[in-house]
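Numbers here simply count residues along the sequence, with the first being 1.
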Amino acid sequence: MSVTGWDDTESYEAHRPESDRPATPEPGGAGTAARPKRAPSLLTRVVLMIAGCTLLVGVVSMGVSAVLVGRQQQDALVHRAELIATLQAGALGQALWEFDTRAVEEMFRGLLAQDPAVRSVKVWASNGRQGTPLVTLGRPAGRSAVTTVERTVSITGSDGERSSVGLLRLDYSMEEAENATLTALAPMVGLVFFSLLAVIGMISILLNRLVLAPLARLTRSAGAIATGDYTIRLRNSRSDEIGQLTTAFNHMAETVHDYTETLEQRVNERTEELRQSNEQLGVVNRQVMDSIQYASLLQSAILPDERAMARRLDDVFALWRPRDVVGGDFHVFRELGSDPDGDFLIGVVDCSGHGVPGAFMTMMVNAVLDHVVSENGTGDPAAILGGLNRMVRAALARGRENPRFDNGLDIGLCLVRPGAGELVFSGGRIGLHVVDPAGTVREIKGDAQSLGYRRSRIDHAFTSHTVPLAAGAAFYLTTDGFLDQAGGPRGFGFGNRRFDAMLLEQQGKPMAERKAAFARTLADYQGGHAQRDDITLLGFAVASASPAHP
């Protein structure tokens, strides 16, 4: 079936050059594959939907017609029953007045014989329905409904007055009305049925001619393009939606044909460009990684020598784990003076930022800290933190014009005085955890004041806390990376309570074993969660050279 302005794909194939036609796969060869079971065509589904809708409309129409015709037939039957009852009541007066039962019965036997719709007849004398009927006649009960008509039987006296002499009741079956309804509807049912068939056929033909057949040709052409035949085109002279779709299809086919002809060349060009880009990225990546690795070496160089710490402390460990290759955390150890048994500083620092920016901050803060410590003669940690706060703010003042640039640090610093048997602690947002020999843990909180930030008060006086040195006591300093590490089933932070319980659980063991146990505990809690921040945990034990203060 063709449409004006359209040519079947088959007719178009016949006019194509032999060289442009796709190769036909051999039967049973690699080009053939088991075809899936075809679903019903669009035409079939549309016809079924139209048939269903028209059938529904026909059923509703027939139902409404049946109700209306049935009501008309019932009204006609009731009207006939009322008319017959009125006539019979008028003719029954004299016989009922004389109680002529035989005459009454003969009258109604004739009625039953002539009118098959009469189901039963009952006649009462003047006392009405309260007594036994004078005459009762009827047929066997049927399945149809029954309507009842009653009329008063009266007679005219010599004085012209009418007086009631009885009551007549007629029961009429509705079966005749039902049969008449079916008889009247039979031609209508046939008419509606053939009308529906005609409508379905006309709609199906028009739909197939104007829409489905062109779509089928488009589908076949798209399938040909999918198999690799990019030269197929469809002729079109329509300007409606189907024509616009055909124009778009031809444009798409031309575009695909153009791309496929130059695809190999473009792929080779893009491949060469990607290869060169990958080589350049590899060179840049190696340079960047070499620089970061070298920065890691430089950052490791500012960390204290563990052998120097071990000479001054009874036991010590440092768990340093940057989030990236380099980070913003580091720990410090400074001996004050030349006395090998003299005072020394130990602490942890958490600079703002991660990775390379954080590493640059650690370099700068470490240099400033060295300067402040050398300037401070007493080694007072609170004074050192105050000087460090002022110098870092001054060093970063040039970048304060940029509102996005705001850097600083948190720090916890201890001055250990073995000769005096005491430890002096001062902190900026980092606390000191102390586990005493009795097996209790307490945290000496640092000031709620960071150092070097724009919001940091330049005149803030940091607080010093003095702790006696006791045999068996352990001291811990940690940055917030350990405490804030997400983990567990809900992804919450590690937290202070879990941290204190971990410290108590490992109390009394060598610091090397504690370090391994702390690392395992953190890894078990972290699970599959990524490391959120740089982590530094410093633990140490120190005994006084003289009796501890009471």
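At distances below 3.5 Å, at least one donor-acceptor pair connects side-chain atoms of Gln485 with backbone N or O atoms of Arg532. Without hydrogens or angle criteria, Ser296 side chain to Ile292 main chain gives no donor-acceptor distance under 3.5 Å. With Asp410 contributing its side chain and Ser450 its backbone, the two residues share no donor-acceptor pair below 3.5 Å. The backbone N or O of Asp484 sits nowhere less than 3.5 Å from a side-chain atom of Asp480 that would complete a donor-acceptor pair. Although no hydrogens or angles enter the test, the distance criterion places a donor-acceptor pair under 3.5 Å between the side chain of Asp305 and the main chain of Arg307. Looking at Gln531, its side chain does come within 3.5 Å of a backbone N or O of Arg321 through a donor-acceptor pair. Remark: the backbone N or O of Leu274 is paired with a side-chain donor or acceptor of Asn278 at under 3.5 angstrom. Checking side-chain atoms of Gln299 against main-chain N and O of Gly327 turns up a donor-acceptor pair under 3.5 Å. Panel note: side chain Arg393, backbone Arg454; a donor-acceptor pair is recorded below 3.5 Å. Side chain of Asn496 to main chain of Leu483: no donor-acceptor pair is present (N/O by atom type, distance under 3.5 Å, no hydrogens or angles).
Looking at heavy atoms from C-beta onward, Val368 lies in side-chain contact with Met391 at the 4.5 angstrom threshold. Using a 4.5 Å heavy-atom threshold, the side chains of Val441 and Val434 count as separate. Between Thr466 and Leu423, every side-chain heavy-atom pair lies at or beyond the 4.5 Å cut-off. Phe317 is listed as a side-chain neighbour of Leu537, based on a closest heavy-atom distance under 4.5 Å. Using a 4.5 Å cut-off on side-chain heavy atoms (C-beta onward), Asp534 and Trp320 make no contact. At a threshold of 4.5 Å between non-hydrogen side-chain atoms, the residues Ile535 and Leu522 count as touching. Using a 4.5 Å heavy-atom cutoff, the side chains of Cys351 and Phe330 are in contact. The shortest side-chain heavy-atom distance between Asp406 and Arg455 falls under the 4.5 Å cut-off.
Atom CD1 of Ile444 sits about 11.0 Å away from atom OG of Ser426, to the nearest 0.5 Å. In this structure, the separation between OH on Tyr476 and CG on Leu432 is 11.0 Å, given to the nearest 0.5 Å. For the atom pair CZ of Phe540 and CG of Leu313, the computed distance is 7.0 Å after rounding to the nearest 0.5 Å. To the nearest 0.5 Å, atom CG of residue Asp447 and atom CZ of residue Phe462 are 6.0 Å apart. Once rounded to the nearest 0.5 Å, the distance linking CG of Asp343 with CD of Glu335 reads 10.5 Å. Rounded to the nearest 0.5 Å, atoms CG (Leu409) and CG (Asp350) are 8.5 Å apart.
When the shell of 6.0 Å around CD of Glu443 is examined, it contains more than 12 heavy atoms from other residues, nucleotides or ligands. Other residues, nucleotides and ligands contribute at most 12 non-hydrogen atoms within 6.0 Å of the NZ atom of Lys445. Within a 6.0 Å sphere centred on CZ of Arg275, heavy atoms belonging to other residues, nucleotides or ligands number more than 12. In Phe360, the CZ atom is not crowded: 12 or fewer heavy atoms of neighbouring residues, nucleotides or ligands sit closer than 6.0 Å.
For Phe475 and His433, the gap between ring centers reaches or exceeds 6.0 Å. Taking the six-membered ring where the residue is Trp, the centroids of His331 and Phe333 are separated by 6.0 Å or more.
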query = Could you walk me through whether Ile384 and Asp380 pass the side-chain contact (heavy atoms from CB on, under 4.5 Å) check?
reply = CA-CA 6 Å; Ile384 292 173; Asp380 178 18; 5.8 Å; no
request  = Check step by step if side-chain contact (heavy atoms from CB on, under 4.5 Å) holds for Leu413 and Leu385.
outcome  = CA-CA 8 Å; Leu413 188 62; Leu385 265 58; 3.8 Å; yes
query = Which is it for Asp290 and Tyr294 under the side-chain contact (heavy atoms from CB on, under 4.5 Å) test, yes or no, and what are the steps along the way?
reply = CA-CA 6 Å; Asp290 290 343; Tyr294 193 76; over 6 Å; no
inquiry  = Evaluate Val373 against Leu336 for side-chain contact (heavy atoms from CB on, under 4.5 Å), listing each step before the verdict.
reply    = CA-CA 9 Å; Val373 170; Leu336 304 177; 4.0 Å; yes
Criterion side-chain hydrogen bond (donor to acceptor under 3.5 Å, both in side chains) on Tyr525 and Arg520, from CA distance to verdict = CA-CA 9 Å; Tyr525 182 77; Arg520 284 195 306 272; over 6 Å; no
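Relative to the six-membered ring of Phe494, Arg498 meets both conditions, a distance below 6.0 Å and an angle of at most 45° to the axis.
Exactly one of Thr536, Thr362, Thr478 qualifies for a side-chain hydrogen bond (donor to acceptor under 3.5 Å, both in side chains) with Asp329. That residue is Thr536.
Heavy atoms only, all atoms of each residue included: Val542 and Leu469 are closest at CG1-CD2, 3.5 Å. Closest heavy-atom contact between Met361 and Gly408: CE-O, 3.6 Å.
For Glu272 and Gln276, the side-chain atoms include at least one donor-acceptor pair closer than 3.5 Å.
A salt bridge does not link Arg312 to Asp341: none of the charged nitrogens lies less than 4.0 Å from a carboxylate oxygen. Checked for salt-bridge contact, Asp533 and Arg323 miss the test: no charged N lies under 4.0 Å from a carboxylate O.
Listed by chain and residue number, nothing satisfies the side chain to side chain donor-acceptor pair (under 3.5 Å) test with Asp315 (two or more places apart in sequence, or in another chain).
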